[in-house]
Amino acid sequence: MTRDTFYITTPIYYPDNRLHIGHTYTTVAADALARYNRLRGRDTYYLTGTDEHGQKIERAARQRGVEPQKFVDEMVEWIRDLWSELGISYDQFIRTTDERHKRMVGRIFAQLYEQGDIYSSTYSGWYCTPCESFFPQSRIDEGVCPDCGRELSWVEEDGYFLALSRYADDLLAHIREDAEFIQPATRRNEMIRFLESGLEDMCVTRRRDAVDWGITVPFDEDYVIYVWFDAVCNYITAIGYGEDEEHFERWWPADIHLIGKEILRFHCVIWPIILMALGVQLPRKIFGHGWLTLEGEKISKSRGNVVDPFLLSEKYGRDVVRYYLLREIPFGSDGSYTERSLVQRTNYDLANDLGNLLSRVTAMVNKYCDKMLRIPEGEVTEEDRHLRERAQKALQGAEEAMEDNMLSDALDCLWELVSAANKYLDSTAPWDAETTAERRSAILYNAAESLRVLAVALRPFLLDAPAGIWEQLGLSRNGPVDATSWDDTVWGGIPDGTEVQRGDPLFPRMDPDEVVGVGDEAEDMEVGEEEREGEDSLIDYDTFMQMDLRVGEVVDAGDVEGADRLLRVEVDIGEDQPMQVVAGIAEHYSPEDLIGRRVVAVANLQPTEIFGLQSEGMVLAAEAGEQMSLLTLDKEMPAGSKVK
Ligand code: MSP
């Protein structure tokens, strides 16, 4: 059964250090699900925030020589900036240092104590400070933490215990009965096995002399509440549990707690048991996604293999980072991160497939249809029907996948349509001289319509590209893409007479050898270094001399199919064969203008493929606003002469 509201949460993040690309993964995934549900017209609430108490934060603050509160305030600001950089559309950002949260956690703790679900006893065991977790002897090998590999401390103290064992059978029965409760199925099985092996009660306090930075046990000042007990309660304190019942009833139970697989036990055992003890309904679903790994290991601060998501987004753009995270890693499984694979994904999927489809369509509508998209009136061919069917199938597949939280599957489905539309253009060949004007217009309308439905359906995943497609298809005049809903994916929405607006490519194609790793040093940039940047932009004589500039004679030139800004230019640079260059000069020169001209060419540029043609160099031109002028020579010089 689907509801008309949707409440989604991410874990709340430790602000002890900067977040890395692994944390970004959880948040971006939750954001895509929240955006999808809004697009479906569901009233959606997306909660994220920070987990600010505990020994780990206390130590990190001490190392910096500041008070914990000041320390977390600064870190939280950075986290909020990161989410804004990535366009994370949360409705609330909860901090566990918020007064309401602290007040309610104290009350929850006191209620469970009064009920006898929390009791006082003595504890001894192994504790990992970075993970803020106790571990039973059975999970410990060589005295190190089974999760992060760092040293454990032996803790012996009196404390308060949560009677997990009291609820273990009920919880196990619930997990068995409701197959949806823990997802994916592998995680559900893992939790069933864990519960079957027996559940011990758990210490949910730390002595104040060991950890001072936390919520005080309301009836015993010598103790602070264990950070995980404090943290999981955020999912209900944020929406007004115990204080604003109306708001609470509106959103609870959460439709999905999206978490990483290593924090499954806290969410699938401790949290449900706290709720059971409180007599509050359990969340509908807990989804444990996999890890982003780097060279086979989980990306984590403790392993020192972090990748800064801020830098990545500034370097490649937020859509690139979002798309890569959501497409590359099959949702639920682990997936390995490399910057190279990010660049390749961008080139293949975003620049070549999606971006190219848009360039081809707008270029041809410009060239053949006087910029105008007209609703087809002629016969609907087999190819047209096939494209529509593919669109319907892609959208249906994406919808089913999203209802199941399978983000990467949803993108796979949508890319089926991208590739179907590109193939449709190839097979219908609107550029063919034999194609009638009416047929051309129909083909281009259908291809543009595929892009229109894609722009709507991609809104949960990409933030800038849908608006770019909308603009270039000329649809913005009727309202922004942001005003669309999933219902707008029904075929045939481009109004008759829509005028396309050619624009820049949606995504740049990049050479991985040139971009990967470049700019990584920026993270370590000290204040003052920025000032030296200007100097760095000067090149020395030797660097300049590395350029092979030559006089070239244009011996042939022609159009580039599907790209009305480009020309293919053959330049004699004194070699056996002329050099082929694909140049963006078609709006200023016709092929006939060029033949016989002497130009200045770069002869040692890395070859690259543009619109299926090999481009082996460059011809130099001056540009000012709308104007462009090729560099020519004021004396006759032989082709191949060195320019310096
Ligand atoms: N503060 C706790 C959560 C409390 S929720 C009541 C915590 N914080 S965390 O900052 O360490 O992690 C937050 C989220 O980031 C978790 O879902 C975690 O799984 C996720 N990730 C951290 N590193 C990750 C990867 N390398 N890959 C994917 N997700 C990872 O745990």
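Sequential numbering from 1 along the given sequence is applied to the chain's residues. All ligand and atom numbering here is 1-based and tracks the order in the structure.
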Practice problem: List for me each residue that meets salt bridge (charged side-chain N to carboxylate O under 4.0 Å, His left out) alongside Glu74, sequence neighbours excluded, and say none if there are none. | Solution: Lys70
Quiz item: Counting each atom of ligand 1 from 1 as listed, which ones have a heavy atom of Ala231 under 4.0 Å away?
Solution: 6 (C)
Practice problem: Examine the proximity of ligand 1 to Ile263 and report which part, side chain or backbone, both or neither, has a heavy atom under 4.0 Å away. | Solution: side chain
Quiz item: Taking N or O atoms only and a 3.5 Å limit, does Asn234 qualify as a polar contact for ligand 1?
Solution: no
Quiz item: Do Ser313 and Glu85 meet the criterion of a side-chain donor-acceptor pair at a distance under 3.5 Å?
Solution: yes
Practice problem: Could you grab the distance from atom CZ of Phe287 to atom CG of Asp404, nearest 0.5 Å is fine? | Solution: 8.5 Å
Quiz prompt | atom 22 (C) of ligand 1: nearest protein contact (heavy atom, Å) | solution = His23 CD2, 3.6 Å
Exercise. Indicate whether any N or O donor in one side chain lies under 3.5 Å from an N or O acceptor in the other, for Thr129 and Arg150.
Key: no
Practice problem: May I ask you to list the atoms of ligand 1 that are less than 4.0 angstrom from any heavy atom of Asp51? | Solution: 1 (N), 2 (C), 4 (C)
Exercise. Could you tell me whether Ile299 and ligand 1 have an N or O pair separated by under 3.5 Å?
Key: yes
Quiz prompt | Test item, Tyr235 contacting ligand 1 (heavy atom, 4.0 angstrom) | solution = yes
Quiz prompt | Distance from atom 10 (O) of ligand 1 to nearest protein heavy atom, with residue and atom | solution = Tyr14 N, 3.2 Å
Quiz prompt | ligand 1-proximal atoms of Trp228, by part, heavy-atom distance under 4.0 Å | solution = side chain
Exercise. Among all protein heavy atoms, pick the one closest to atom 14 (C) of ligand 1 and tell me residue, atom and distance.
Key: Tyr13 CE2, 3.6 Å
Quiz item: Without hydrogens or angle criteria, can the side chains of Thr26 and His289 be said to hold a donor-acceptor pair below 3.5 Å?
Solution: yes
Practice problem: Using distance alone, with no hydrogens and no angle criterion, decide if Tyr348 and Asp353 have a side-chain donor and acceptor under 3.5 Å apart. | Solution: no
Quiz item: Applying a 4.0 Å heavy-atom criterion (strictly less than), which segment of Thr26 is in contact with ligand 1: side chain, backbone, both, or neither?
Solution: side chain
Quiz prompt | For atom 18 (C) of ligand 1, the protein heavy atom that lies nearest, with its residue and separation | solution = Glu262 OE2, 3.2 Å
Quiz prompt | Atoms in ligand 1 with a heavy atom of Gly260 nearer than 4.0 Å | solution = 17 (O), 19 (O)
Practice problem: State whether a side-chain donor-acceptor pair under 3.5 Å links Tyr90 with Asp31. | Solution: no
Self-check item: Stepwise ring-ring contact (aromatic ring centres under 6.0 Å, His included) check, Tyr160 with Tyr119
Solution: CA-CA 5 Å; Tyr160 291 88; Tyr119 59 91; 9.1 Å; no
Quiz prompt | Closest to atom 27 (N) of ligand 1 among Ile270, Leu258, Leu292 (heavy-atom distance) | solution = Leu292
Exercise. Specify the protein heavy atom at minimum distance from atom 3 (C) of ligand 1: its residue, its atom name, and the distance to 0.1 Å.
Key: Ile12 O, 3.2 Å
Quiz prompt | Closest protein heavy atom to atom 29 (N) of ligand 1, given as residue, atom name and distance to 0.1 Å | solution = Gly22 O, 3.2 Å
Exercise. Under 4.0 Å from a heavy atom of Lys298: give me the atoms of ligand 1 that qualify, with their elements.
Key: 23 (N), 24 (C), 26 (N)
Quiz item: Against heavy atoms of Gly290, which atoms of ligand 1 measure under 4.0 Å?
Solution: 28 (C)
Quiz item: Trp83 pairs by ring-ring contact (aromatic ring centres under 6.0 Å, His included) with which of Tyr46, Phe93, Phe310, Tyr13?
Solution: Tyr13
Self-check item: Residue His289 vicinity, atoms of ligand 1 by number, heavy atom under 4.0 Å
Solution: 28 (C), 29 (N)
Quiz item: Is the ring centre of Trp228 less than 6.0 Å from the ring centre of Phe266?
Solution: yes
Quiz prompt | Shortest heavy-atom approach to atom 23 (N) of ligand 1 - which of His53, His20, His257, His267 | solution = His20
Quiz item: Does the gap between the ring centers of His174 and Tyr167 come in under 6.0 Å?
Solution: no
Quiz prompt | Test item: side-chain donor near acceptor, Glu403 and Tyr36, under 3.5 Å | solution = yes
